[in-house]
**Student:** 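Take this structure, written in structure tokens, and hold onto it; I'll ask about it next.
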Amino acid sequence: YSLASAKGGAVERLTERQKDCLRLVAQGYTSKEIGRALDLSPSTVDNHILAAVQATGSLNRGDAARLLARSETRQNLPRELPGVAEAAES
């Protein structure tokens, strides 16, 4: 049982709004800019981000955003790329 798997499980517990905020954090937006984009006050954005940081056990908002991005990338990738196993065997 690793810290990475503990954090990975926490990503599943994030609300959609927390994920929305973290996705925009990952793109470099400030709380004020995220608030404008999502029609929220900057303090509400900060509350969502803080809750996400705490839920994932992350060090800061950037760490939580990277964790979410890695989690979502893994979910969208196939487990094994076609042809890769065959090429490795040759």
Side-chain angles (χ1 to χ4, degrees):
Y1 186 76
S2 69
L3 181 58
S5 64
K7 285 184 174 186
V11 167
E12 296 168 5
R13 291 189 299 271
L14 294 176
T15 67
E16 283 307 309
R17 187 56 89 189
Q18 290 167 346
K19 290 178 186 178
D20 291 341
C21 291
L22 289 179
R23 288 182 193 112
L24 293 171
V25 166
Q27 294 178 41
Y29 289 96
T30 65
S31 293
K32 188 173 181 178
E33 293 166 331
I34 294 168
R36 276 192 225 121
L38 300 179
D39 197 29
L40 301 170
S41 74
S43 64
T44 299
V45 170
D46 286 338
N47 289 338
H48 286 306
I49 293 171
L50 177 60
V53 167
Q54 291 173 339
T56 59
S58 298
L59 300 173
N60 54 48
R61 61 197 279 149
D63 185 41
R66 284 186 292 277
L67 183 69
L68 175 63
R70 280 194 303 269
S71 171
E72 291 180 335
T73 300
R74 261 187 255 116
Q75 290 173 7
N76 294 328
L77 292 176
R79 290 278 181 214
E80 189 173 294
L81 297 174
V84 173
E86 294 84 14
E89 292 172 2
S90 357

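Everything numeric in this text was worked out from a predicted model, so none of it was measured. Residues take their numbers from the sequence shown, with the count starting at 1.
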**Student:** Take Leu38 and Thr44 through the test side-chain contact (heavy atoms from CB on, under 4.5 Å) and record every step on the way to the result.
**Tutor:** CA-CA 10 Å; Leu38 300 179; Thr44 299; over 6 Å; no
**Student:** To the nearest 0.5 Å, what is the distance between CG (Leu67) and CD (Glu72)?
**Tutor:** 10.0 Å
**Student:** For Ser31 and Arg61, test the side chains for any donor-to-acceptor distance below 3.5 angstrom and give the result as yes or no.
**Tutor:** yes
**Student:** Report, as yes or no, whether the 6.0 Å neighbourhood of atom CG on Asp39 holds more than 12 heavy atoms from other residues, nucleotides or ligands.
**Tutor:**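 No, CG of Asp39 has 12 or fewer neighbouring heavy atoms, counting only those of other groups under 6.0 Å.
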**Student:** Taking the side chain as everything from C-beta on, heavy atoms only, tell me whether Arg17 gets closer than 4.5 Å to Leu40.
**Tutor:**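 Result yes, sub-4.5 Å side-chain heavy-atom pair found.
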**Student:** Which heavy-atom pair separates Ile49 from Cys21 by the least distance, and what is that distance?
**Tutor:** CG1-CB, 3.9 Å
**Student:** For the pair Ile34 and Val25, evaluate side-chain contact (heavy atoms from CB on, under 4.5 Å) and give the outcome as yes or no after the intermediate values.
**Tutor:** CA-CA 8 Å; Ile34 294 168; Val25 166; 3.7 Å; yes
**Student:** Roughly how far apart are Leu68 CG and Asp63 CG, rounded to 0.5 Å?
**Tutor:**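 So the gap between those two atoms works out to 11.5 Å.
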**Student:** How long is the straight-line distance from OG1 of Thr15 back to NE2 of His48, given to the nearest 0.5 Å?
**Tutor:**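 Going from the NE2 atom of His48 to the OG1 atom of Thr15 covers 6.5 Å.
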**Student:** Please step through salt bridge (Lys or Arg N to Asp or Glu O under 4.0 Å) for the pair Glu16 and Lys19, ending with a clear verdict.
**Tutor:** CA-CA 5 Å; Glu16 283 307 309; Lys19 290 178 186 178; 3.6 Å; yes
**Student:** Do you know the tightest heavy-atom contact between Ala10 and Ala55?
**Tutor:** CB-O, 3.0 Å
**Student:** Once you round to the nearest 0.5 Å, how far does CZ of Arg23 lie from CD of Gln27?
**Tutor:** 10.0 Å
**Student:** For the atom pair NZ (Lys32) and CG (Asp46), what is the distance rounded to the nearest 0.5 Å?
**Tutor:** 12.5 Å
**Student:** State, yes or no, whether a side-chain contact exists between Thr56 and Leu14 at a heavy-atom distance under 4.5 Å.
**Tutor:**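 SC-SC contact between Thr56 and Leu14 confirmed.
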**Student:** Do side-chain atoms of Thr73 reach the backbone of Ala69 as a donor and acceptor pair under 3.5 angstrom?
**Tutor:** yes
